[in-house]
Structures are given as structure tokens and as C-alpha cells.
Amino acid sequence: MALLSKKDTNLILDPLADNNPITIQVLGICSALAITAELQASCVMAVSVIFVMGLGNIVISLMRNVIPSKIRIIAQLIVVATLVIVVDQVLKAFAYELSKTLSVFVGLIITNCIIMGRFEAFALGNGVWRSFLDGIGNALGYGVILIIIGFFRELLGSGTLFGFPVLGDPIAKTGLYAFGYENNGFMIIPPAALIVVGVLIWVQRSRNPALIEEA
Amino acid sequence: MAINTDKNGYTVLFAVIMVVVVGSVLAFLASGLSDRIKENERFEKQQNILYAMGVNENTPDSGVNFIPTEVVEGKFNERITEQYVLVNGEVQKDDQAFLLDVKKQLAAFKSGKEARLPIFVGEKDGEKVYVLPMYGKGLWDAIWGFMSVDKNMVVQGVYFDHKGETAGLGANIKLRFFMDDFQGETLLNGNSYAGVAVSKTNNDPLNDDKKDNEVDAIAGATITGNGVSAMIKETLKAYKPYLETIRNN
């Protein structure tokens, strides 16, 4: 028996492309704008969200039959906030350096609408294993977009990738800069992320016209 | 067994149980880990102070490399020879100065209350260096750091950190290209404590002029630099009585 059935595989693969939380459902845009000026930050955020969403979906799915529907959103918020704080505290105690990089994202993870969205739309109505896969899939879909945006913003905005200069030195005018190339400071500020997301949405929909909604 | 989850009584019961469970988990975790977390924070502070006085593991092309956590306490005790506090303009010896909360002390100083402002004295190349803690506001949230000066008020090194400045812009105050610019800058302009301002107009990107009380800004759109300039000025104001005594020695 295969570990993942066809349906299970789709739970992971769908959000990566044709049901992507950012480019198709346009969720999680706020954090996608805020932290993608650097590739490293994008990767850290992607990994954190994969962790929180996988675990959060498991917890919510386990509790799905006992959560009162009137306060389900609050219950979901508490679960995600608790998970994030637990992770933050454990990292502070055992991996302090990493926790310093992460601390900025803690608030952003709690308020990430994709997480709440998957709790509400999937984990509340599905079993544990499927919820876990759905969480991982959606977090991966989110992470992939984050990393793509981070790549372009850091490359065009700072001329670096993961902090390493790849286009030369803008002050000493070496590499590409010797030919009059300049970094585009606009790419570092959040509106540039919207433009990159827009381009991604455009590319994706022109490759797959089925995604275009009726006007 | 099906539970009727719509009843008000159940909802209240669920909320109470959830709060108790989550509260205890978090409280248990926080008290269990607090010693380790405090220790990590202490090591970090020691690393930052040593970094500001030039005791670090940087190589010419590396990023920011601190003294490793495992050995930082020994190194700190070896290199920081004296610790003082400045109280109402009077310098007092205090071996525990480095445990003081700079944020609280500076706030007390600004509101005119009695404050204990820590000072760390170390040695670098046979000369005494004086490390002053700094605390201020960036664009979004707190910024802080340490600055070491020699007796001629020439900056020997700085360390900056921040809570939540813009990634790729203001957040870069903790990168070497920015912090290294402060080395060798003089804090004096004539006889006044002018500090070192982060300037967008000084037309000195390579920072060759060390007497202009200015370093080059990160970018034209970065406001965090104003916070850094203000923070240095505030620090000099607070520590002026002590700096005067060093200069006159």
C-alpha cells in the first residue's frame, strides 16, 4: 500500500499550483508583503509556517468534535497562538540565535489568514492525517511563493541573495555595477511585493486559463 | 457519544477548560525555561559589549561574528576590567553594572529621576576603552546597542540591534558595512559632543572623512538612521559628566 493515496497526494500538491493560497485564493498577502525583502527571511517564515500549520491542523482536527461552534474562531486563535509561543520559548532556551531571527515573525504567524483559513475550512471537518497533509501542502504553497518573491526582491533591490553579493559591489562599482547598473530601491519596499505577486498571478493564469474567473 | 456543542453551558465549560489547560502549559513552560533563557540573554549582552569594543571573531570579509557563546563569559571577565555606574553625575564602582536594565535606567534619567547608568571599561591594544550602552527608538520599534570610545572621544566600535526594523533597509543597522563605518569617527565637534549622525547628504559613501561627525546612511528611504543618530546623541548627553572626566585625565 502506498503511503499516500491519490487523494492524499493531491492535498499536498494542489496548493502548490492550481489552488495556491497566495496566487489563487489571495490569502496571506500581508505577511507576503512584509517579510519578503530578503530571501533568508522568506525561508525562515516558510519553515515556521509549515511547522505551525502542520501541527495546528492536527490539533484542531483532534478537537473538531468538541469545539463549540460559537467560539470556534477563538479556539483556533488560541491553538495557533499557543503553538507559536511554545516554539518561540523553546527556541529561546535551546537555539537562541535562531530565535532572534524568528522573533519578528511570531506575530505575523499568529495573524496569518492562511492558517486560520485552513483550520476553518479543512481541519474542522476532516481527519487527522488528511488535515496534517492539507496543512503541510498549503504551507508549502505559501512558502514557495514567498521564496520566489524574496528571490526577486533581494536580487533586484539589494543585488544580493541570502546576503551574498551576486551582482558585484554597488559602492566600489564592480561587477554589473561597473556598467552603470543600479539597485532598484523600490523592490525593497512592500508595494514591490504586490507587483511581483501580480506578475506571478498573471503568469500562472495565462498558462492555465481554467483558473480565470468569469467576470 | 455525541455531545451537544451548541449549548451555552458547554461553550462556557469548554472556554474555561481551554484557558486553564493553555494557561498551565504556557506557565509551566515559561517557568521551566526561564533560567536558560536568562542565561542566553546574558551571554548575548556580553557578546554585544565585547563586539562593540572590537573583541570578536570577524575576518575582513566576514559578517558579524561574536565570541562563541561557550567561552564568552570567561572572555568578558578577562577583557572588561572595571564596571561602573553613573549616578547623578557621580561615578561609582559596581561589579554588577552589566545586569542593569539600560532601557529602565535611561527612562528614569530622562524623567529626571535617579538613574544608574552602566559603564564598562576594557583594554584594547594597551589603551583603555569605555563601552557605553545605548537605547532608543527606530522607525517601528526599539533599537539599542553599545558604543566604545577611547579617551579622545574617537569611536572604537559599535554594535547595534533592533526589534523590528524593515528587513533589507533599517534592519541593516546590525550589519557590518554599517557598523564598521563608525570606527574612527570622532564624537566631538570642537568642544561639543556632536555625536555621529547617519547622513543621507554627506556625499561620502566610502566614509573617508572621519572628522565630519557623519556616516553614510543605508538608503535614502531609511528612517531608522535618524533613530540611530538620536540614540547616540542621547547617550552622550546622559554620559557627559563621565566623558568629561575621561577626557581630563
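Here is how names work: the chains are called A, B, and so on, in the same order as the sequence lines, proteins then strands, and each is numbered from 1. Just so you know, these numbers use all the heavy atoms, side chains as well, and skip hydrogens, waters and symmetry mates.
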Exercise. Quick one: what part of A/Q89 sits under 4.5 Å from any heavy atom of chain B, side chain, backbone, both or neither?
Worked result: both
Exercise. Side chain, backbone, both or neither: which part of B/T166 has a heavy atom under 4.5 Å from chain A?
Worked result: neither
Problem set entry | Enclosure of A/F152 CZ (heavy-atom neighbours >12, cutoff 6.0 Å) | no
Exercise. Between A/T82, A/I35, A/T160, which shows the greatest number of heavy-atom pairs under 4.5 Å with chain B?
Worked result: A/T82
For this session: Using modelled atom types only, decide if a donor and an acceptor are shared between the side chain of A/Y96 and the backbone of B/E44 within a distance under 3.5 Å.
Result: no
Problem set entry | Main-chain N/O of B/D6 paired to A/K70 side chain as donor or acceptor, under 3.5 Å | yes
Problem set entry | Over 12 non-hydrogen atoms of neighbours within 6.0 angstrom of CD in A/Q25 | yes
Exercise. Top residue by heavy-atom pair count (under 4.5 Å) with chain A, among B/I37, B/L26, B/D141, B/L175?
Worked result: B/I37
Problem set entry | Interchain contact, A/M187 with chain B, by part (heavy-atom threshold 4.5 Å) | neither
Problem set entry | Partner chain B: residue of A/N183, A/V79, A/I85, A/I71 with the largest heavy-atom pair count (under 4.5 Å) | A/I71
Exercise. For B/K163, is it the side chain, the backbone, both, or neither that has a heavy atom closer than 4.5 Å to a heavy atom of chain A?
Worked result: backbone
Exercise. Are the side chain of B/N40 and the backbone N or O of A/K92 linked by a donor-acceptor pair below 3.5 Å?
Worked result: yes
For this session: Begin from the C-alpha positions of B/L169 and A/I189 and carry the test side-chain contact (heavy atoms from CB on, under 4.5 Å) through to its verdict.
Result: CA-CA 9 Å; B/L169 291 171; A/I189 54 179; 4.1 Å; yes
For this session: Could you check B/M18 against A/V66 for side-chain contact (heavy atoms from CB on, under 4.5 Å), going step by step and ending with a plain yes or no?
Result: CA-CA 11 Å; B/M18 183 136 192; A/V66 294; over 6 Å; no
For this session: State whether the number of non-hydrogen atoms from other residues, nucleotides or ligands found under 6.0 Å of B/K200 atom NZ is greater than 12.
Result: yes
Exercise. What part of A/A34 gets closer than 4.5 Å to chain B, counting heavy atoms only: side chain, backbone, both or neither?
Worked result: neither
